[in-house]
Trainee: 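Starting off with a structure, shown below.
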Amino acid sequence: MTNDNIHPLQKSFGLRIKEFRDLKGMTQEDLAEGAALFRTYLSRIEMGHANPTLTVIHALAKGLNVAPGLLLEEPEILSIPKRKRATSSISRGRVDKN
């Protein structure tokens, strides 16, 4: 699915999930675990690329500890912020032997 084919309701819902997740200081992994979902599916929901069922909406609400109806309100953010790239190299567990 290209960005041109994202349904506005799906995008709005995904932004609302991201908004609540960020407010609660949760990672996608945290929420996915709390809602018993795959993290990749949660990512697709947040990007507006998935159309979650009512059961999934309730699972997300439970994972976020909010009423399901709150997830259906308009989000306050208009888009998902771009990720910031690290300015230094990421450690891969290697030890510098200098």
Trainee: Please round to the nearest 0.5 Å and tell me the distance separating atom CD of E46 and atom CZ of F13.
Mentor: 10.0 Å
Trainee: State yes or no: do I17 and L23 share one hydrophobic cluster built from I, L, V, M, F, W and Y residues joined by side-chain heavy-atom distances below 4.5 Å, directly or via other members?
Mentor: no
Trainee: Output the rest of the hydrophobic cluster of L9: all Ile, Leu, Val, Met, Phe, Trp and Tyr residues reachable through side-chain heavy-atom contacts under 4.5 Å, sorted by chain and number.
Mentor: none
Trainee: Using residues 30-38 as the side-chain source, report each donor-acceptor pair under 3.5 Å to any protein atom, sequence neighbours left out, with the distance given to one decimal.
Mentor:
unit_1, atom_1, unit_2, atom_2, d
D30, OD1, T27, OG1, 3.4
D30, OD2, T27, N, 3.0
D30, OD2, T27, OG1, 3.2

Trainee: With sequence neighbours left out, which residue pairs that include part of residues 47-56 fulfil the salt bridge (Lys or Arg N to Asp or Glu O under 4.0 Å) condition?
Mentor: none
Trainee: Would you call N51 and H7 a side-chain contact if the rule is heavy atoms closer than 4.5 Å?
Mentor: no
Trainee: To the nearest 0.5 Å, what is the distance between CD on E19 and NZ on K24?
Mentor: 12.0 Å
Trainee: Mind checking side-chain contact (heavy atoms from CB on, under 4.5 Å) for E73 and listing every partner two or more places apart, or none if nothing turns up?
Mentor: R16, L70
Trainee: Is M47 close to K11 at the side-chain level, that is, under 4.5 Å between some pair of heavy atoms?
Mentor: no
Trainee: Do any side-chain atoms of residues 55-66 form donor-acceptor pairs under 3.5 angstrom with protein atoms, and if so which ones, sequence neighbours left out?
Mentor:
none

Trainee: Under 3.5 Å, side chain of E29 to main-chain N/O of R39, donor-acceptor pair present?
Mentor: no
Trainee: Any side-chain heavy atom of Y41 sitting closer than 4.5 Å to one from P52?
Mentor: yes
Trainee: Nearest 0.5 angstrom please: L15 CG to E76 CD, how far?
Mentor: 11.5 Å
